[in-house]
Amino acid sequence: MAETQADRREPTHLNVWDQTERAGFAARMGVSEGRLRKAVRLVGSRISTLSSYLKV
């Protein structure tokens, strides 16, 4: 099966319940998972908003 553009799209939201995804995102942002969880509580799970809030 051919890969479609929809398959290659970056996710718009962080799945905070997935430990692997959460740890990977925290590492890419250069923050601890605790700081990432706090940011999600404050601004939500949208990746663009989290990146702006975390100044990345």
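- Atom-to-atom distance recorded for Leu14:CG and Glu21:CD is 5.0 Å, nearest 0.5 angstrom.
- Of the inter-residue distances, the one linking Leu54 atom CG with Arg28 atom CZ reads 12.0 Å to the nearest 0.5 angstrom.
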Which atom pairs, donor and acceptor, lie under 3.5 Å between side-chain atoms of residues 37-46 and protein residues at least two apart or in another chain?
residue, atom, partner, partner atom, Å
Arg46, NH1, His13, NE2, 3.4

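- Residues satisfying the side chain to side chain contact (heavy atoms under 4.5 Å, CB included) criterion with Ala27, sequence neighbours excluded, are absent altogether.
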